[in-house]
Amino acid sequence: MNGAQPMRLAAGGAIDRARPLGFTFDGRAYAGFAGDTLASALLANGVRLMGRSFKYHRPRGPWGAGAEEPNALVELRTGARREPNTRATVIELFDGLVAQSQNRWPSLRFDVMGVNGLFAPIFTAGFYYKTFMWPASFWEKLYEPIIRRAAGLGRAAREPDPDEYDRSHLFCDVLVIGAGPAGLAAALAAARSGARVVLADEDVRPGGRLLAEAHEIDSAPGVLWAERVAGELAGMANVTLLARTTVFGLFDHGAFAALERVADHLPEPAPHQVRQRLWRIQARRAVLAAGAIERPIAFGGNDRPGVMAASAVRAYLHRWAVLPGRRGVVFTASDDGWRTADALLAAGASVEAVVDARPDPPAALMRAAGARGLRVHAGAQVVGTHGHLGLQAVDVRLPSGSSLGIDCDLLAVSGGWNPTVHLASHQGAKPVWDAALAAFVPGRLPEGLAVAGAAAGRFTLAACLADGAEAGRAAASACGHAAAPLVLPRAADEPAAQAAFFHVPGPRGKAFVDFQNDVTVKDVKQAAREGYRSVEHAKRYTTLGMATDQGKTANVVGLAILAEATGRSIEATGTTIFRPPYTPVAMGAIVGHHRGRDFRPARHTPMHDWAAENGASFVEVGPWYRAQWYARPGEKGWRDSVDREAEAVRRAVGVCDVSTLGKIEVVGRDAAAFLDFVYTSMISTLPVGRVRYGLMLREDGLVFDDGTCARMGPERFFITTTTANAGRVMQHLEFCHQVLKPAMDVSFLSVTDRWAQVSIAGPRSRDLVAMLVGPGVDLSTAAFPHMSAAEVEVCGQVPARLFRLSFSGEMAYELGVPADFGDALMRHIMQVGAPLGLVPYGTEALSVLRVEKGHPAGGELNGHTTARDLGLGGMMSRKKDYVGRRLAERPAFTDPARPILVGFKPVDRGQELKSGAHFLDPGAEARIENDQGYMTSVAFSPALGHSIGLGLLARGRERIGQQVRAYDPVRNRDIVVEVCHPVFIDPEGDRTRG
Amino acid sequence: MRIPCPYCGERGNEEFLYLGSAVLERPAPDASAEAWVDYVHMRDNPRGPGAEFMQHVQGCRAWLIVRRDTLTHAILSVAPARAARGGGA
C-alpha cells in the first residue's frame with residue numbers, strides 16, 4: 001500500500017489503514033485512507049501541486065492544513081454538485097471523491113496563463129482602477145471578460161442544487177467555540193457545573209491542535225485526553241456536541257450562527273438527509289476557544305509548492321502520517337517553528353537547516369539542536385526559492401551578508417501565531433496589538449463572551465487547559481450554576497516566544513503576503529506610496545485579505561508591512577474590520593428550505609382541492625393561491641374561460657371562492673366608536689343586520705384598504721379586508737386601539753382561516769341561495785335587501801353567515817361556513833346549482849366584472865390615491881375624527897385638477913387597452929409636464945364586446961365624452977380613447993338591488 | 001437581537017414588527033397642519049437611545065414601546081404601549 005502512497009509513513013496518524021479509499025484528482029486515480037483530507041491524501045501520493053494562483057497563475061500547493069488555507073482550492077464533485085473554491089485541507093476524503101484543479105488551462109502542470117506573471121507590472125496594486133479606465137464601454141465588452149478568464153477562481157455548478165439544507169435553533173447557557181484543549185476544558189468545567197453546554201468545532205474529531213502535535217497530557221498522548229473528555233461530554237444530558245460545525249458569526253445579544261456540514265463528507269447525502277444545517281445558537285454566555293493560526297513570512301518565492309506553514313508540516317506528520325518532504329529546511333521567527341525540525345527528524349526525514357530570523361534564539365533551543373546535530377543559522381533569512389512546479393532549493397542570506405544555497409523539497413515556515421480573534425470582533429470591537437506577544441489579541445469583548453487559550457494569546461498547552469477550565473467555570477457560574485471541582489491535567493508549559501518578523505527585505509522574486517489574491521510586499525508598499533495609508537483603503541486598493549480566505553494568513557503580515565511603509569507602529573495602523581462569516585457559507589445553507597415553491601408558505605383555501613379537480617389555474621395573491629379561471633375542454637386560451645365565466649354571472653349565476661378575504665371580528669362596548677375612528681364613514685349608525693362598504697385611510701390621507709363592515713350585534717362587527725392587506729389591517733387596528741385609543745373597550749380576532757366563504761352572483765343567485773339556506777329564510781328584497789347580513793344555517797345543520805353584497809353589480813350574496821365545511825359546501829353548491837346554469841368563476845372573471853362595474857381594486861388602491869381620486873369622497877364623514885382625515889384635507893389632495901377615476905373605451909373598439917398607459921391631450925407632445933394621468937385596470941368586457949379600462953385622469957369627470965391619447969412608450973403603443981363614466985354596466989344599480 | 005416582551009419573555013427580533021419612532025403623540029383633529037405634518041412625516045434619527053414602536057406580531061400581538069440604543073443595539077426597556085398611553089394592560 002505504501003508503494004502507492006510514496007510519502008505515507010509506515011505507522012502512526014489518526015487514519016484508518018484498514019479502510020483504503022479511491023479518489024481522482026484531475027482525472028488521475030489515487031488512493032488514501034479513511035481519516036485523510038484531500039490535501040493529506042494527495043501529499044501522501046507525492047502530489048503537492050494543487051492549483052494555480054488567481055492573477056499570475058503561479059503553481060501552488062497547500063500552505064496550511066486547516067480552514068485558513070489560501071492556496072489549495074479545488075473544484076469538488078461534478079455536475080449539479082460541483083462546488084468551486086473548496087479547500088483541499090478540510091475536505092474529508094470519501095471513496096469515489098472527484099476533484100479538479102481550477103484556474104488553469106489547459107492543464108495544471110502546463111498553464112498558458114502563466115504568462116500573466118510576465119505582465120506583473122500591470123497586475124500590481126490598483127490595476128483594476130488604472131489599467132481599465134477608458135473608455136467605459138470597453139469595460140463590459142472587453143476588459144471584464146478577459147479578466148474573468150485570466151484571473152478568477154473555480155466554476156459554480158450550472159444546474160440547480162439537488163440537495164436539501166436545514167435551519168435549526170439551539171438555546172444554551174454556555175456555547176464553547178472550538179474543541180481544542182482550551183475548549184474541551186471549558187466545556188467540561190461548565191458541563192460538570194450543570195450548565196446547558198453546546199460545544200462546536202469545525203473538525204470531525206475533537207482535539208484541535210492536539211491532533212496535530214506530539215503533546216502529552218498526564219503523560220499520555222494529548223489526543224487520548226481529548227477523546228476521553230469528548231466521551232464524557234457526549235454522555236452528559238446537558239451537553240450538545242456539534243462536530244463538523246463552524247461557528248461563523250456573532251450577532252447582537254448572544255446570537256451565534258453556525259454551519260454544520262452534515263453530509264459533506266459523503267459522496268452525496270443519504271435519502272432525506274440534509275447536506276448542511278445552519279444553526280442559530282442563542283447562548284447566555286460563550287467561550288471563544290478558536291485557537292490560533294500560524295502566519296507566513298513574506299520572502300521571494302514563498303508561494304512555491306513545498307513551502308508550508310511549520311505547524312501544517314507537523315499536522316501532516318502526526319495526524320495523517322504523511323511526509324510533506326524528505327529534505328526539509330525550517331525558516332522561523334518563533335520558538336514553535338523549531339518543533340517542526342524535531343518532528344521531521346522523528347519521522348525519518350532530513351533537516352538541512354534551521355534558519356531563525358532572530359539573531360539570538362533561546363539558548364535551550366540551540367543546545368537541544370546541537371545535541372541532535374542540527375545545522376542552525378541564527379539571524380539569517382530565506383530570501384528566495386527555486387524549482388519549477390515545486391520547491392528544489394532555497395537561498396539563505398546569512399548575517400554576514402553572504403548567501404547560501406540549500407537543496408531541499410520542503411520549507412517549513414513559522415512567522416509566529418495569530419490568535420483567531422474573528423468572532424470577538426464581529427460586534428465591532430477591534431483587536432489590540434500585544435507587543436510582548438507580537439500578536440493581536442481580542443480587545444473589548446462583547447457582553448457574555450470570554451476568550452480562552454491560544455485565541456486569547458496563551459500559547460502553551462498548560463496555559464490553554466487552565467484558561468479554558470476557568471472560562472468554562474466562570475461562564476457556568478454567571479448562568480447560576482455552582483462550580484464543580486475540576487482537577488487540571490498535567491501538560492508541558494515550555495516558553496513559546498515569537499518575534500514580530502513579517503517579511504524579508506530585498507526578496508529575490510515575488511514575496512507574497514496574500515497568496516489567494518496574489519498580493520505581494522511590493523503591492524502593499526506601492527499602495528502606501530500612492531497615499532493609501534489607511535488599512536481599510538490599502539486593503540481595497542491591493543485586494544489584500546479580500547479573497548475567499550478573508551486574509552486569515554495574510555492580514556496581519558500585510559498591515560505590519562503597511563505600518564513599516566508608512567512609518568507607523570502596528571497598533572497605530574490597526575486592523576481592518578472583521579465581519580461574518582468566518583469561513584465561506586453556501587447561499588443554500590442560508591436559504592434552507594425557503595426556495596422554489598417553498599420560498600414562503602403557501603396558503604390554500606378550504607376549496608383548493610375542489611378547484612384543482614375542476615381545472616383551476618391558480619394565481620398567487622399575497623401568500624394565497626387563488627383560482628384564476630376554470631378551463632373547460634375545448635377552450636383555446638384563458639380568455640375563452642374568463643369570457644364564459646363572466647357572461648354566465650351576468651346571465652345566470654356564478655360562484656367564486658372568496659375565502660382569502662381578510663376577516664376580523666371586532667367586539668366590545670366601544671367597537672362601534674372604534675370603527676368610526678378607523679373608517680372614513682360613520683359605522684356607529686349602522687343597524688344590526690346591515691352591512692356598509694368601508695374605506696380605511698393611512699394617517700397621511702391616502703387610501704389604505706377597503707372592505708365591508710357588517711353589524712352582527714350591538715357590540716359585534718364582522719369586517720373584511722382585501723386579501724393582500726389582511727395582516728396589515730389587523731396590525732393597524734391593534735395599533736389604533738393600543739396606542740391611539742387605549743381606553744376603548746374593543747377586541748379583535750382574525751378569523752380569516754375560520755370561515756370558508758363564497759360569493760354567489762348573478763340574476764339567479766337568490767334562487768340558488770334559497771336552496772342552500774332553506775325556506776325558513778326570507779330572501780325577498782323587502783326582507784333581506786342589498787347590504788344585509790344574517791346568521792343562517794346551510795342544509796339545516798351547518799351554521800353560516802349570509803351577506804347580500806355585490807362586487808359584480810349583479811344581485812349577489814356571500815355565504816360563509818366554518819372552514820372545515822368549505823369543501824363540502826362548494827361541492828354541494830355545484831350540485832344544486834347545476835340546473836340554474838351555475839358556473840364557478842375565478843379571480844380573472846371577478847376582475848372583469850368589477851372593472852365593468854367601476855369598483856376600485858388593487859390597480860386603484862395603489863398607495864397613491866385618495867378617496868376623492870376614486871370617486872369615494874362622499875364616504876368621508878365630516879362629523880367625526882378618523883385616521884387620515886386631517887391630512888386628506890391638505891391642498892394637494894383636494895386640488896380639483898387631481899386625476900380622478902373614470903372609465904375608458906378605445907375609439908376604435910377593436911383595439912385593446914393596456915394598463916400603465918399615460919393620458920395625453922390629443923396633439924400634446926409626449927412629455928412629463930403634459931401627463932394627464934394613467935390607466936390603472938383594463939379588461940375585455942364580454943357584455944360590451946370590447947376592451948374597457950379604468951384610469952385616473954386629471955379633471956376626468958368634466959371630460960366624459962372627450963377623447964384623450966393613451967400613450968404607452970414601454971410597449972410602443974399610442975391609441976385614442978374615449979373618456980366615460982367608470983360604471984359600464986347598470987349605472988343605476990337596479991340589478992344589484994333587484 | 002433579543003427583545004424581552006413584557007408578556008411573553010425574551011424573544012428573537014424576527015417575531016416583532018417594527019414601526020418607527022414612539023416619541024410623537026397624535027395631534028388633536030383641529031391641530032395645525034404643521035403639527036400634523038410633523039406627526040405623520042418628520043422623524044428624528046437618533047444616534048444612541050431612542051423609543052420605538054414594535055408589535056409582537058408572532059406572540060401576544062401587543063404593541064410595545066421599545067427603548068433601544070441605535071449605536072450599541074442594547075435594549076434599554078420594553079413597555080406595553082397601551083398601558084403607557086393610559087389604557088388598560
Side-chain angles (χ1 to χ4, degrees), chain A residues 167 169 171 251-255 280-284 427-429 444 446-448 668 670 674 677 697-702 727-728 730-750 877-893, chain B residues 1-4 7 9-14 16-22 24-42 51-58 60-65 68-75 79-89:
Chain A
R167 290 200 298 205
H169 292 72
F171 294 80
F251 302 89
D252 284 330
H253 306 166
R280 177 177 169 162
I281 304 172
Q282 192 65 47
R284 297 171 70 189
Q427 288 291 289
R444 184 177 49 82
E447 203 184 321
D670 298 320
F674 179 80
F677 179 63
L697 304 188
R698 311 190 310 213
E699 199 72 277
D700 66 4
L702 293 168
R728 272 185 293 260
M730 186 71 181
Q731 288 154 8
H732 175 71
L733 297 181
E734 287 162 333
F735 179 83
C736 290
H737 174 224
Q738 296 174 32
V739 177
L740 302 181
K741 297 289 177 190
M744 282 192 173
D745 173 31
V746 59
S747 303
F748 315 96
L749 185 65
S750 170
S877 168
R878 302 186 158 278
K879 298 182 190 147
K880 58 169 183 127
D881 180 28
Y882 57 85
V883 173
R885 173 177 172 168
R886 186 65 175 82
L887 289 195
E889 291 166 358
R890 57 178 131 167
F893 284 1
Chain B
M1 187 181 284
R2 307 286 288 175
I3 299 170
Y7 300 115
E10 186 185 289
R11 300 296 180 92
N13 65 311
E14 65 276 7
F16 295 80
L17 174 87
Y18 176 86
L19 185 73
S21 171
L24 299 167
E25 297 278 349
R26 189 173 188 266
D30 55 355
S32 67
E34 288 71 26
W36 273 94
V37 167
D38 269 358
Y39 170 65
V40 174
H41 295 295
M42 306 305 280
E52 294 159 327
F53 284 124
M54 293 194 194
Q55 187 187 16
H56 194 190
V57 278
Q58 288 176 45
C60 59
R61 297 196 65 92
W63 277 94
L64 306 168
I65 296 174
R68 186 174 73 93
D69 189 317
T70 56
L71 196 61
T72 64
H73 296 186
I75 305 288
R82 193 178 177 198
R85 296 290 168 125

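Atom set for the values below is all heavy atoms of this structure, side chains included, hydrogens, waters and symmetry mates excluded. Naming convention: chains lettered A, B, ... in sequence-line order (proteins, then strands); numbering from 1 in each chain. Since we're looking at a predicted model, the values are computed, not measured.
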Chain B contact via M730(A) - which portion, at a heavy-atom distance below 4.5 Å:
both
With a 3.5 Å cut-off and sequence neighbours excluded, list the donor-acceptor pairs that the side chains of residues 26-39 of chain B form with protein atoms.
residue: R26(B); atom: NE; partner: E699(A); partner atom: OE2; Å: 2.6
residue: R26(B); atom: NH1; partner: D881(A); partner atom: OD2; Å: 2.9
residue: R26(B); atom: NH2; partner: E699(A); partner atom: OE1; Å: 3.1
residue: R26(B); atom: NH2; partner: Y882(A); partner atom: O; Å: 3.4
residue: S32(B); atom: OG; partner: A35(B); partner atom: N; Å: 3.1
residue: W36(B); atom: NE1; partner: A28(B); partner atom: O; Å: 3.0

Among the listed options E25(B), R2(B), M1(B), the residue most often paired with chain A at heavy-atom distances under 4.5 Å:
R2(B)
Compute whether any side-chain donor of one residue and acceptor of the other, for Q731(A) and Q55(B), lie under 3.5 angstrom apart.
no
Charged tip of K741(A) within 45° of F677(A) ring normal and under 6.0 Å
yes
Which portion of Q282(A) sits near chain B, non-hydrogen atoms under 4.5 angstrom:
side chain
What part of F748(A) gets closer than 4.5 Å to chain B, counting heavy atoms only: side chain, backbone, both or neither?
neither
What part of R698(A) gets within 4.5 angstrom of chain B, counting heavy atoms only: side chain, backbone, both, or neither?
neither
Which residues share a ring-ring contact (aromatic ring centres under 6.0 Å, His included) with F53(B), sequence neighbours left out
F735(A)
Structural part of L17(B) lying under 4.5 Å from a heavy atom of chain A:
side chain
Residue part contacting chain B, namely of R886(A), when any heavy atom lies under 4.5 Å:
side chain
Whether R885(A) side chain and K880(A) backbone form a donor-acceptor pair below 3.5 Å:
yes
Should we count CD of E14(B) as having more than 12 external heavy atoms under 6.0 Å?
yes
